[in-house]
Amino acid sequence: MFLRTSSRKGVKCKMNDTGAMIEVVDLHKRFKDLHVLKGISTSVKQSEVVAVMGPSGSGKSTFLRCMNRLEEPSSGHIYIEGIDILAPYIDINRVRTEIGMVFQSFNLFPHLTSIENIKLAPMSVRKISDQEATERGMALLDKVGLVDKAKVYPEQLSGGQQQRVAIARALAMQPQIMFFDEPTSALDPEMIGEVLDVMRNMAKEGMTMMVVSHEMGFIKEAADRILFLVDGLIVEDGTPDQIFNYSKNERTLEFLSKII
Amino acid sequence: MNPMSATPAPKNKFARTHPGWSVWLRRPSVTALSFAVLFAYAFFLLPTKDTAPPFLFYLSINLFIVLVLAFTGNILADPKKPEALKMIAALLLIAVFCWLFYRYSGAQWGRLKDFFFNWETLEGNWWILWQGLEVTLLLAFISGIGSVLVGLLIAVLRTLHSPTLNFFLKVYVDVFRSIPMIVVMVFIFFALPFMGISLGSIVTTILALSLGYGAYASECFRAGIESVHSGQLEAARSLGLSRWKTISKIILPQAFPVVIPPLTGTLVAMLKDTAVASIVAAPELLKRARELYTSETNPTPLVAAALIYLVVLIPLVRAVNVLENKLQKRRKV
Ligand SMILES: Nc1ncnc2c1ncn2[C@@H]1O[C@H](COP(=O)(O)OP(=O)(O)OP(=O)(O)O)[C@@H](O)[C@H]1O
Ligand SMILES: [Mg+2]
């Protein structure tokens, strides 16, 4: 489904049918001399919510960004729904429509209103009509509780509101997977809750999610698994209960003691 | 008697330690009086050219200039004086200097007028200048579109971040920004025919201006594009927007307000540079004025051309400014 339209016929997809939504095999990323990801392998099932934790600079953002190729991985394999998205015949824009991404700094388009932010991609990528896009967009704004802010420009919104619009914008493409890169760490404390509520609802509705976050309450409640990343390697992989209560790993314990 | 006046005012550490000359000088009565004194000085005491010995003559004039400067400076520096008064003072200052120059310089006003402001030479020739202006505007319009397209193309290609491509684009931009426009035109017009390419003067001008000012325009666009935060690009790409859609729908609309001021400045400079086309005999305004200058053996047509350039360019420059402010405001809302 991600093939370039021109070469769709006759190309054998490299499949990896483990049934996982995301399968990462031995992923490496180097920035010149800096070896940031040093062989990450993991898999995420449909509807699973995976929290990614780890100290600053450990490569969490880079890991997420490699998975939709905002950064080009240096080596390894990434399978989304079984399809190798690093293969040359892949149209990465089609992959990205399946993966919504939410950023720490919101990155709303400042020259567009909330609803225009949401409508833009469905209309210009999926080619749906203005009317349909508006209807869907309003439904999404309703979902994040911001119908009344549809015609407002981002800079007139609070941080929490901006982030909720950003989530609605990502959802407008009806992605299978959502990535969150520290979605609440640029927010004032009183606004964190409203964003986490939206994310919690998405998790309940069965969205496959990878969330870089240090919000312990949210992770304990909503995450099925935690990946603990240190220096570009996954040092631990387990349920929140296992990691918060029974971890024996020194680096994990040290990190957890700092953030609690 | 009044007990209040008997008690000394409490010591104020912000109070002036001396009465303050400027406060006194700025009192309306003092301002009016000094104006009257200056006026009288100008009319009755300023020597005419030969009536005073040189020493007194220069002393008197210089003293007058110093007093006038002090007087207007005092008005302009007073935050409490109304702007209208300041404007009058500034205009008065200019008028006084013109008057002094008129009175004391050795200028030959009559000959100056005969040479440079001999409007009779233009009688029946206005339409020639008008035709020239039409050609100038046409050249500017087409070359303006050309240079915007060239600039946009280069800037967009540079966002591909291909080192090889960038190398050649940079060479292009640097070369065209370093060569004087006149050289480009002369080369295209006089040298290219030796390579089998003969272009008319109009085409030469449009080509040279588009290529040359395209290089400048590309820098304007590049600065605008670079001013857009990289997060915007990432957000757009992560939504599945193609590179081209990202540029056209996300980057350029945000770059536009940043690009407008320098780009319009560049285009206005280009409009002025259409005058260089007279070197390749494109029948634009300056060329027509020079023809008249030769046929009438009088430079008044050149002065007229200069005035026409002014009349055309000043509103443009103003309009650009207004547009700029509007865009800036919309971005702030
Ligand atoms: N584009 C880049 N070029 C060079 N180095 C980079 C680039 N992006 C990230 N890095 C480096 O890669 C390392 C990992 O960065 P990354 O942003 O993935 O860390 P992180 O775990 O997300 O940290 P944080 O918690 O601070 O966000 C850092 O040392 C960073 O300096
Ligand atoms: Mg990060």
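We use all heavy atoms of the structure for the numbers below, so side chains are in, but hydrogens, waters and symmetry mates are not.
The part of A:Leu70 that comes within reach of chain B is its side chain, from C-beta onward, which places non-hydrogen atoms under 4.5 angstrom from that chain. Of the two parts of B:Lys249, the backbone and the side chain both hold a non-hydrogen atom closer than 4.5 Å to a non-hydrogen atom of chain A. In this structure, chain B has no heavy atom under 4.5 Å from any part of A:Arg69.
Heavy-atom minimum distance, A:Asn93 versus B:Leu241: OD1-O, 3.6 Å. The shortest non-hydrogen separation linking A:Phe109 to B:Ala235 is CE2-CB, 4.0 Å. Contact record, A:Arg96 with B:Arg237: CD-O, 2.8 Å, taken as the closest heavy-atom pair. Considering every non-hydrogen atom in both B:Ile250 and A:Leu120, the closest pair reads CD1-CD2, 3.3 Å. Between A:Ser124 and B:Lys245 the shortest heavy-atom distance is O-NZ, 2.9 Å.
Counting only heavy atoms from C-beta outward, the side chains of A:Phe103 and B:Ser238 approach each other to under 4.5 Å.
Side chain of A:Asn107 to backbone of B:Gly231: a donor-acceptor contact under 3.5 angstrom is found.
Between chain B and the options A:Leu108, A:Val102, A:Leu112, A:Asn68, heavy-atom pairs under 4.5 Å are most frequent for A:Leu108.
Atom CD of A:Gln131 sits in a sparse spot, with 12 or fewer heavy atoms from other residues, nucleotides or ligands closer than 6.0 Å. By the neighbour-count criterion of 12 heavy atoms within 6.0 Å, atom CZ of B:Phe256 is sparsely surrounded, having that number or fewer from other residues, nucleotides or ligands. When the shell of 6.0 Å around CZ of A:Phe31 is examined, it contains more than 12 heavy atoms from other residues, nucleotides or ligands.
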